[in-house]
Asker: 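Attaching a single structure in structure tokens format; questions to follow.
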Amino acid sequence: MSQQPTKRITDIGPPPYDKFLPPIIKRNYGQWKYHERIAPGVFCHVAESGERLYTVRAASPRLLSVQTLRWFAALADKYSGGHLRFTSRNNVEFLLEDRANIEPLKKELEAAGFPVGGTNNAISNIVHTQGWVHCHSSATDASGIVKAVMDALCHHFTEEKLPAKLRIALACCLNMCGAVHCSDIAILGVHRKPPKILHDILPKVCELPTLIASCPTGAIRPKTVDGKQSVEVVEAQCMFCGNCYTVCPAMPLNDPDNDGLSIWVGGKVSNARSAPKFSKLAIPFLPNNPPRWPEVVNAVVNIVDVYARHARKYERMGEWIERIGWPRFFKLTGIEFTRYHIDDFKHAGLTYARSAHIRY
Amino acid sequence: MSQQPTKRITDIGPPPYDKFLPPIIKRNYGQWKYHERIAPGVFCHVAESGERLYTVRAASPRLLSVQTLRWFAALADKYSGGHLRFTSRNNVEFLLEDRANIEPLKKELEAAGFPVGGTNNAISNIVHTQGWVHCHSSATDASGIVKAVMDALCHHFTEEKLPAKLRIALACCLNMCGAVHCSDIAILGVHRKPPKILHDILPKVCELPTLIASCPTGAIRPKTVDGKQSVEVVEAQCMFCGNCYTVCPAMPLNDPDNDGLSIWVGGKVSNARSAPKFSKLAIPFLPNNPPRWPEVVNAVVNIVDVYARHARKYERMGEWIERIGWPRFFKLTGIEFTRYHIDDFKHAGLTYARSAHIRY
Amino acid sequence: MAEDGKVKTPLLDQLESGPWPSFVTEIKKARASSPVCDDLLGQLELSYEEKRGHWKHGGIVGVLGYGGGVIGRYSDVPEKFPNVAHFHTMRVNMPAGWFYTSDALRTLCDIWERYGSGLTNMHGSTGDIIFLGTTTDKLEPCFQELARNGFDLGGSGSAMRTPSACVGQARCEWACYDTMQMCDRITREFQDELHRPPFPYKFKIKFAGCPNDCVASIARADLSVIGTWKDDIRQDDAAVAEYAAQGLDIQKDVCERCPAKCMSWDGRRLTIQNSECVRCMHCINVMPKALRPGKERGAVVLIGSKAPIVQGALLSSVLIPFVPEEELYDTLVELIRRVWEFWDEYGMNRERVGELIQRVGMANFLDAIGLDPQPEMISAPRDNPYIFFQSEESK
Amino acid sequence: MAEDGKVKTPLLDQLESGPWPSFVTEIKKARASSPVCDDLLGQLELSYEEKRGHWKHGGIVGVLGYGGGVIGRYSDVPEKFPNVAHFHTMRVNMPAGWFYTSDALRTLCDIWERYGSGLTNMHGSTGDIIFLGTTTDKLEPCFQELARNGFDLGGSGSAMRTPSACVGQARCEWACYDTMQMCDRITREFQDELHRPPFPYKFKIKFAGCPNDCVASIARADLSVIGTWKDDIRQDDAAVAEYAAQGLDIQKDVCERCPAKCMSWDGRRLTIQNSECVRCMHCINVMPKALRPGKERGAVVLIGSKAPIVQGALLSSVLIPFVPEEELYDTLVELIRRVWEFWDEYGMNRERVGELIQRVGMANFLDAIGLDPQPEMISAPRDNPYIFFQSEESK
Ligand code: SRM
Ligand code: SRM
Ligand code: SRM
Ligand code: SRM
Ligand code: SF4
Ligand code: SF4
Ligand code: SF4
Ligand code: SF4
Ligand code: SF4
Ligand code: SF4
Ligand code: SF4
Ligand code: SF4
């Protein structure tokens with residue numbers, strides 16, 4: 001336990017959970033009966049009491065200036081009694097009592113460049129991470145790719161024309177802060193070169209045992225470099241996970257020519273229909289090509305298009321692929337199947353095709 | 001390569017594959033059109049030529065004396081032009097051209113105590129192994145349990161009243177010579193005590209490095225016992241697989257009080273409908289109780305009965321269980337669910353229930 | 001920096017066009033109130049040119065008495081961009097369900113404008129309000145002003161991370177327990193573990209009101225609490241007929257998509273064999289007016305999910321198949337303490353609880369926290385014969 | 001031994017009653033021609049009393065120039081049962097498909113009566129004829145008399161084991177290639193590898209004519225060759241109608257059980273979307289008169305299955321998705337040689353080829369044997385980001 005000077009305020013926790021709730025929600029808390037779709041980005045929850053709450057959802061870049069936040073606040077004052085919220089995918093939602101306010105609010109949002117949508121069978125906001133804006137570990141930027149991809153897919157945000165929800169996530173390194181491992185489409189920054197070892201500073205800034213233990217493949221071995229205790233990396237054993245760098249700043253993996261992106265598909269989180277699934281590798285590597293990453297944008301758009309054309313109603317990406325089989329997925333998308341697609345990690349054997357079930 | 005005295009005959013291989021085929025098969029080889037069920041244990045294959053081949057299948061204890069084999073031969077001479085075969089599950093099949101011979105043949109077989117059946121949705125012969133009759137490694141007998149179990153299930157061999165085929169296999173140790181790992185019901189002999197180490201003979205009969213390497217859990221450590229090089233077993237790490245004994249006679253695991261049997265269910269081999277599956281643990285341990293192993297017999301009969309009552313047509317054991325879920329399987333069979341059912345081997349994590357899909 | 005004091009960002013500028021809102025525009029907006037944004041843009045432009053980040057490994061910075069809530073960050077080109085030489089992040093514990101009033105939002109903006117870059121993430125992917133970019137000296141005063149206004153910091157490091165919850169009963173008819181309240185109570189109960197990292201590694205908790213899992217708890221939380229129900233789905237036949245009338249293909253889009261195949265539609269009546277239903281939500285999702293979760297509500301508690309570093313990604317798995325709503329809080333507090341106790345003692349450095357369970361085995365873990373094995377915890381029993389029989393049982 | 005020279009076997013005697021044929025009765029029958037059976041019964045009775053086996057670890061015994069085909073076996077109570085002090089097993093390579101003439105069977109009986117116990121297993125679970133119980137001196141003469149009568153020994157030890165095949169085209173309408181002939185040719189091609197163990201461990205090959213896999217090849221063979229077809233299922237609508245007329249519920253028992261869900265039945269016509277069919281055989285199994293495999297036949301080649309010792313049981317997995325019937329033999333011979341070459345070089349002692357593949361990774365294994373990766377080889381691509389990028393590809 002810690003002693004604090006008494007006047008300091010600590011450990012108060014977040015504001016009480018009901019502090020910022022709109023009156024209509026306070027009145028009908030836990031009493032919602034059903035909801036109706038009104039338009040893309042707009043839905044209405046009806047309470048047992050008969051009261052109706054209208055939600056208008058708009059896109060957000062997630063990285064927001066106080067200027068924009070104040071503008072959201074002003075919109076809320078104008079249309080939703082000063083009440084708004086953000087979603088688990090970082091969209092902003094205005095909570096309206098008066099249906100008449102929907103249209104004017106939508107107009108103002110859209111006019112200012114904040115599309116309304118992301119509901120039902122649409123593509124919602126891309127869960128993403130810091131990238132070059134704030135993280136030391138990133139193999140790529142986050143916000144820039146998200147912007148480029150969503151520019152290309154924005155119509156799928158403002159319409160609801162997909163077979164099912166389609167969730168895209170991006171993480172800028174294998175730490176996967178975006179938890180992209182269960183997304184319909186995941187964009188993941190990857191390194192392809194072993195860490196460069198900064199022998200001069202390593203002994204000063206890193207704990208050798210921790211560093212050596214950090215490597216899942218045991219590629220890091222102790223080594224004395226001109227007198228100083230340091231380490232070496234057995235390159236053939238390195239799969240570029242970056243865990244060593246996380247525990248030791250003297251092991252950077254960044255490498256402009258070799259860092260890039262990989263694309264993963266077919267994951268989901270919900271228990272709806274099929275159980276939650278991990279995303280699986282679709283494209284092992286695409287180049288890091290700022291400011292608009294055309295290779296990544298095209299790859300994602302292609303997968304979305306093929307899915308939209310072939311999947312059945314209410315079939316998530318992964319459910320569709322499981323129905324048609326992975327060979328067909330690669331065929332339809334024109335994505336090349338490579339040695340990298342074949343798992344060679346812990347449970348690899350269970351991903352081999354262990355039956356004679358084959359489509360020809 | 002080996003030099004042999006010239007007069008010796010070696011490397012001739014088995015008799016040519018077509019040498020013992022009946023004429024009707026030679027005439028219609030590869031020209032069969034379809035088959036018909038005639039009665040349990042009797043079916044008819046119809047060739048494009050219109051010719052009909054009748055097969056009568058009878059039970060066999062697999063362990064056969066030359067006396068019985070000669071009697072089979074005599075029956076074949078009498079009814080099937082001297083032609084017969086054995087099946088991949090060790091039943092004997094007589095290959096008849098004349099339909100009129102079916103009934104008299106059946107009568108003779110049944111009179112002599114060789115039930116006719118095992119076809120279609122029946123229980124066929126139990127694939128099994130040597131046990132105490134011939135193997136050094138066995139935790140139990142094989143033939144005796146098979147006899148006791150099939151005495152109790154014989155009506156399921158002579159009738160075809162099950163939802164689907166039901167394959168039972170038995171192996172007397174974890175080597176699983178019966179390949180019981182993919183059976184609807186598997187009976188497996190298990191040890192429950194670490195090997196006793198015969199320090200006196202060990203150095204003479206075993207290669208230490210090979211022995212130490214043989215242990216999958218690394219439980220075997222080098223140790224010097226009164227001067228002699230030997231090993232010790234870290235008991236907490238031993239899961240009684242017997243691999244050390246296979247490579248080193250000085251590590252016997254046999255232990256009358258603790259050896260016994262385990263029951264496994266839901267495996268299959270065919271690709272029909274669902275992909276092949278491994279059998280999963282149903283009952284971790286039952287006592288070794290010769291000559292009739294009542295506990296094992298009752299356990300197997302109970303599982304068969306519950307399956308027969310609840311499964312849908314063409315649902316193999318494993319397909320049925322997957323439909324109703326394992327919790328229901330344990331409930332319906334009254335089998336206790338224990339800590340041993342929860343996997344803790346290599347891929348254990350993948351067997352945890354990783355969704356909110358639950359039946360209440 | 002460019003001569004005229006304004007940085008040129010030709011690459012970033014290309015990200016200001018297009019229909020999707022632009023983070024570049026946001027950073028530029030913030031320039032009005034904070035000069036550091038110029039250097040942030042400058043360094044970011046440099047990253048875009050060179051295709052590499054320019055941040056150094058974070059150092060340990062924070063506020064008095066807390067071990068977390070701040071991510072230290074330093075530029076590796078401070079000479080070029082002195083204003084972002086130090087550019088730490090503050091994690092502020094968001095209100096449950098991410099609800100705000102315009103006043104609350106403005107208060108946060110004023111504070112952050114005063115003490116930081118004026119740039120935020122609403123929100124970080126654990127759920128916190130992210131205040132992006134300030135210097136070490138500003139941390140404490142900023143924290144205290146936040147506190148005076150009713151806000152506290154969120155988690156970082158080897159601590160309980162800021163728990164989060166789906167909107168739940170505040171706006172969702174399907175919430176089988178009060179996610180926001182539960183999140184609030186658990187967060188308060190464990191303030192010390194949140195602010196003063198006591199563990200081998202991070203511990204995340206997420207609350208979802210139903211199996212749709214709108215906070216991705218099963219993939220992103222060491223402890224996942226997912227609402228569900230025990231009794232029958234509530235069914236309004238008239239409403240079902242309405243959906244059919246409106247053209248919903250109930251056979252194809254509902255019955256055939258039911259994973260339990262326990263629904264049948266004869267063209268007029270929908271029959272659900274509730275004993276077979278696995279509570280997946282699909283039919284309810286498709287017909288919210290006609291079908292609703294039952295009334296006997298509670299939650300299934302799952303444990304262990306995480307991202308791949310370093311033993312491979314994990315999904316949470318069932319630990320308690322069903323906890324009635326009214327017992328949920330006490331059960332969770334008790335459970336969490338037991339799990340932490342075991343993890344504390346046996347967890348290795350940087351080993352998440354899910355990885356610990358994989359290492360010691362679920363059965364041993366259950367023993368340790370005092371739960372009995374149940375078949376609902378597994379998708380299938382073991383298929384290998386390598387059973388560690390306990391010596392008590394053999395003679 | 002009991003006084004009167006005949007052993008008393010009260011426990012074993014209880015296994016002579018009941019409807020199933022009794023192995024005890026068989027052993028007793030054989031007493032007529034072979035005294036060793038008395039001692040076998042005696043020792044077995046002792047095992048039944050004591051609940052433990054009484055065989056010692058087998059020693060290396062065999063015939064001239066062969067490294068296998070015999071399993072040495074010694075009693076650990078030879079003083080009690082001298083006639084089974086030595087009780088070796090001979091494995092005799094069965095005829096393909098286990099077909100016999102009565103004469104062939106009698107020949108085998110005569111030989112085994114002369115040189116051994118007169119007890120057999122028809123057959124061992126690898127498929128061999130098992131001659132149970134003889135002494136070292138009898139091995140060579142017995143082998144040579146077998147050879148003179150056209151029989152050879154089967155495999156044991158670290159060798160290619162006796163390949164086996166389902167009855168196939170000899171009596172099955174579904175065989176998509178000639179399993180018995182293929183088994184025969186492969187067995188002859190590799191006689192040396194069968195009789196003179198050259199490998200790190202055993203290598204088993206099984207041939208099944210169709211995906212029903214009546215020799216359990218996918219579970220019990222290092223190399224599993226399973227017949228299948230590429231074109232459409234041959235369909236006889238009249239016969240389908242007949243089945244329906246006879247009361248088969250085509251919708252429920254066929255269409256709904258189709259794993260690919262690619263069949264539809266409108267009450268009069270059965271439609272199969274063959275492009276989606278995964279060749280599982282179910283519909284054909286249920287309606288053999290109406291449906292048959294297509295005409296473009298061949299096999300899928302799978303690799304690696306085995307029992308659990310020691311890394312856990314494995315099922316074979318797809319190595320070549322389809323080999324046309326006419327190319328099958330050459331493809332197999334070439335493939336087997338390459339696989340053995342790699343296994344020989346890199347396999348560890350007692351490491352089956354399936355375990356080797358797990359250890360080095362399928363992609364590296366494919367490189368080594370010169371096959372290209374194909375999506376049919378996997379059930380799903382990797383879900384972990386741990387990719388060993390090859391340095392050639394990165395700059
Ligand atoms: C607002 C939000 C919860 C929150 O506290 O913020 C939310 C709200 C709703 N979700 Fe959700 N979900 C929200 C994130 C999620 C997530 C989490 C995520 O995406 O990271 C999931 C899991 C996604 C996955 O499986 O990968 C999620 C899976 C669902 C599903 C299941 C969809 C499916 O078929 O798999 C439904 C049911 C449906 O849409 O029919 C659902 C349904 C709903 C409903 C209709 C529930 C209700 O009756 O109010 C809500 C609004 C409709 C809609 O289309 O958005 N919500 N929903 C989140 C909005 C995120 C966004 O801005 O887009
Ligand atoms: C004779 C034999 C092959 C041989 O070369 O010896 C054989 C012969 C036939 N099998 Fe088989 N199977 C034989 C072992 C197997 C095995 C292997 C085993 O049991 O170890 C399997 C895999 C079992 C499994 O999946 O665990 C097997 C799975 C099948 C199936 C698929 C059943 C299913 O639904 O999973 C069929 C199709 C059917 O029965 O409808 C089948 C069908 C047949 C047919 C009908 C094929 C035909 O048209 O001739 C044959 C006779 C019918 C019958 O009911 O036995 N056969 N069959 C084997 C007889 C063993 C016995 O004495 O009982
Ligand atoms: C800010 C945030 C990303 C974002 O832009 O939203 C973030 C940022 C960082 N994460 Fe994270 N993680 C963030 C949510 C996550 C999530 C998602 C979640 O919580 O739902 C995950 C995956 C889920 C999980 O926990 O497994 C995640 C998995 C990691 C990992 C891998 C942990 C693991 O066991 O696999 C690391 C590495 C580590 O902890 O050393 C990590 C480490 C980091 C560090 C501290 C970098 C480091 O190595 O020290 C990043 C600091 C970036 C910066 O400079 O600001 N971050 N991190 C998220 C926290 C904001 C918030 O509090 O709301
Ligand atoms: C005779 C037979 C059992 C039977 O009663 O039918 C048999 C008997 C033995 N097997 Fe087996 N195996 C027999 C088929 C199998 C099968 C089934 C198959 O081939 O389809 C398997 C499982 C499939 C596989 O190969 O994985 C099998 C997996 C083993 C193993 C474990 C191998 C592994 O890699 O998992 C061992 C242990 C070893 O090889 O050291 C083993 C070892 C043995 C030994 C030699 C005992 C030993 O440790 O040395 C047994 C000699 C018993 C004796 O005294 O006669 N036997 N063995 C089968 C051979 C008869 C024949 O040739 O037809
Ligand atoms: S994913 Fe990696 S690079 Fe991106 S924020 Fe997280 S730790 Fe940093
Ligand atoms: S990047 Fe990963 S694999 Fe490579 S050395 Fe570092 S920790 Fe090991
Ligand atoms: S299973 Fe074990 S005991 Fe039985 S025959 Fe095979 S090796 Fe011997
Ligand atoms: S029985 Fe198996 S686990 Fe036990 S010591 Fe022997 S090899 Fe190791
Ligand atoms: S998880 Fe369920 S309860 Fe929570 S918001 Fe989503 S649908 Fe509603
Ligand atoms: S909730 Fe899911 S499982 Fe239950 S009835 Fe509806 S669709 Fe079927
Ligand atoms: S495997 Fe196929 S071809 Fe061979 S016997 Fe069985 S059903 Fe016939
Ligand atoms: S063979 Fe199997 S997959 Fe193909 S149509 Fe018939 S049932 Fe369906």
Side-chain angles (χ1 to χ4, degrees), chain B residues 174 176 180-181 188 190-193 216-217 235-241 255 257-258 260 262 264-267 277-282 284-285 321-331 337-360, chain C residues 208 210-211 213 218 224 226-231 259-261 274-281 296 300 302 304-305 311-312 314-318 321-322 354 357-358 360-364 366-367 372-391 393-395:
Chain B
L174 267 54
M176 288 198 190
V180 305
H181 56 291
L188 176 65
V190 294
H191 300 289
R192 290 189 305 163
K193 285 290 181 192
T217 65
E235 305 219 344
Q237 283 177 36
C238 177
M239 40 65 169
F240 327 113
C241 71
D255 178 334
D257 300 330
N258 291 298
S262 55
W264 306 71
V265 299
K277 304 181 206 305
F278 287 128
S279 316
K280 315 284 193 310
L281 180 64
F285 185 79
I321 296 173
E322 279 175 10
R323 174 170 58 81
I324 65 168
W326 285 94
R328 182 88 33 101
F329 168 81
F330 285 100
K331 202 150 178 243
F337 184 81
T338 71
R339 69 193 321 278
Y340 299 132
H341 291 91
I342 304 178
D343 193 359
D344 54 8
F345 193 48
K346 274 194 193 157
H347 306 304
L350 304 182
T351 69
Y352 300 166
R354 301 180 302 163
S355 83
H357 286 189
I358 301 181
R359 291 186 177 86
Y360 294 104
Chain C
C210 84
D213 198 358
I218 203 167
S224 318
I226 300 179
T228 189
W229 67 98
K230 246 187 161 162
D231 54 344
K261 298 275 170 290
N274 278 277
S275 60
E276 299 309 308
C277 165
V278 296
R279 300 357 186 214
C280 87
M281 290 297 294
E296 191 184 345
V300 45
L302 306 91
S305 69
Q311 293 300 326
L314 300 174
L315 287 164
S316 289
S317 71
V318 175
F322 188 84
I357 294 171
Q358 305 267 325
V360 302
M362 180 60 83
N364 294 328
L366 293 174
D367 280 353
D372 293 331
Q374 283 178 267
E376 288 79 7
M377 296 171 175
I378 58 166
S379 58
R382 69 168 63 238
D383 60 19
N384 60 78
Y386 298 151
I387 304 175
F388 287 90
F389 286 101
Q390 295 178 315
S391 41
E393 298 185 15
S394 43
K395 303 182 195 96

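Below, chain A is the first sequence line, B the second, and so on; all start at residue 1. Keep in mind that the numbers below use all heavy atoms, side chains included, and drop hydrogens, waters and symmetry copies.
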Asker: Would you indicate whether the side-chain heavy atoms of Val318(C) and Ile358(B) approach each other to under 4.5 Å?
Answerer: yes
Asker: Sort Ile321(B) into side chain, backbone, both or neither according to what part of it lies under 4.5 angstrom from a heavy atom of chain C.
Answerer: neither
Asker: When rounded to the nearest 0.5 angstrom, what is the spacing between CZ in Arg328(B) and CD in Glu376(C)?
Answerer: 10.0 Å
Asker: Do Ile387(C) and Leu281(B) make a side-chain contact, defined as non-hydrogen atoms from C-beta onward lying under 4.5 Å apart?
Answerer: yes
Asker: Please report the closest heavy-atom contact between Pro373(C) and Arg339(B), naming both atoms and the distance.
Answerer: CG-N, 3.8 Å
Asker: Need one label for Thr228(C): side chain, backbone, both or neither, based on atoms under 4.5 Å from any heavy atom in chain B.
Answerer: side chain
Asker: Answer whether the closest heavy-atom distance between the side chains of Phe389(C) and Asn258(B) falls below 4.5 Å.
Answerer: no
Asker: Determine yes or no for a side-chain-to-main-chain donor-acceptor pair under 3.5 angstrom, with Ser379(C) supplying the side chain and Thr351(B) the backbone.
Answerer: yes
Asker: Could you report the tightest heavy-atom contact between Trp264(B) and Asn384(C), atom names first, then the distance?
Answerer: CH2-O, 3.2 Å
Asker: Hey, is the main chain of Ser317(C) close enough, under 3.5 Å, to the side chain of Arg354(B) for a donor-acceptor pair?
Answerer: no
Asker: Of the listed residues (Pro381(C), Ala363(C), Ser305(C)), which shares the most heavy-atom pairs with chain B below a 4.5 Å separation?
Answerer: Pro381(C)
Asker: Donor-acceptor check, side chain of Arg382(C) to backbone of Tyr340(B), threshold 3.5 angstrom: yes or no?
Answerer: yes
Asker: Taking C-beta and beyond as the side chain, do Pro375(C) and Phe329(B) meet within less than 4.5 Å on heavy atoms?
Answerer: no
Asker: Could you tell me whether the side chain of Asp343(B) reaches within less than 4.5 Å of the side chain of Met362(C), counting heavy atoms only?
Answerer: no
Asker: Could you check if a side-chain atom of Met377(C) sits within less than 4.5 angstrom of a side-chain atom of His341(B), using non-hydrogen atoms only?
Answerer: no
Asker: If you draw a 6.0 Å radius around NZ in Lys261(C), do more than 12 non-hydrogen atoms from other residues or ligands fall strictly inside?
Answerer: yes
Asker: Donor-acceptor pair, Tyr352(B) side chain versus Leu315(C) backbone, under 3.5 Å?
Answerer: no
Asker: Name the option with the most non-hydrogen atom pairs under 4.5 Å to chain B; the candidates are Leu314(C), Val360(C), Asp367(C).
Answerer: Asp367(C)
Asker: Name the region of Cys277(C), side chain, backbone, both or neither, that has any atom closer than 4.5 Å to a heavy atom of chain B.
Answerer: backbone
Asker: Any idea which heavy atoms bring Arg359(B) and Ser275(C) closest together, and the distance?
Answerer: CD-O, 3.6 Å
Asker: Taking Ser262(B), Ser355(B), Ala236(B) one by one, which has the highest count of heavy-atom pairs under 4.5 Å against chain C?
Answerer: Ser355(B)
Asker: Considering all heavy atoms of both residues, which atom of Ala380(C) and which atom of Lys280(B) are nearest to each other, and what is their separation?
Answerer: CB-CE, 3.9 Å
Asker: Heavy-atom pairs under 4.5 Å with chain B - which of Asp231(C), Ile218(C), Ile226(C) has more of them than the others?
Answerer: Ile218(C)
Asker: Heavy-atom cut-off 4.5 Å, strictly under: side chain, backbone, both or neither for Asp213(C) against chain B?
Answerer: neither
Asker: Would a 4.5 Å heavy-atom cut-off, applied to side chains only, mark Asp383(C) and Phe345(B) as touching?
Answerer: no
Asker: If you count heavy-atom pairs under 4.5 Å between each of Met281(C), Lys230(C), Glu276(C) and chain B, which one has the most?
Answerer: Glu276(C)
Asker: Begin from the C-alpha positions of Leu366(C) and Ile342(B) and carry the test side chain to side chain contact (heavy atoms under 4.5 Å, CB included) through to its verdict.
Answerer: CA-CA 11 Å; Leu366(C) 293 174; Ile342(B) 304 178; 3.8 Å; yes
Asker: Taking Gly304(C), Gly361(C), Pro321(C) one by one, which has the highest count of heavy-atom pairs under 4.5 Å against chain B?
Answerer: Pro321(C)
Asker: Go through Pro211(C), Gly354(C), Pro385(C) and name the one with the most non-hydrogen pairs under 4.5 angstrom from chain B.
Answerer: Pro385(C)
Asker: Please classify the contact between Glu322(B) and chain C as side chain, backbone, both or neither, with a heavy-atom cut-off of under 4.5 Å.
Answerer: neither
Asker: Write down the atom of Tyr386(C), the atom of Cys241(B), and the distance for their closest heavy-atom approach.
Answerer: CE2-CB, 3.8 Å
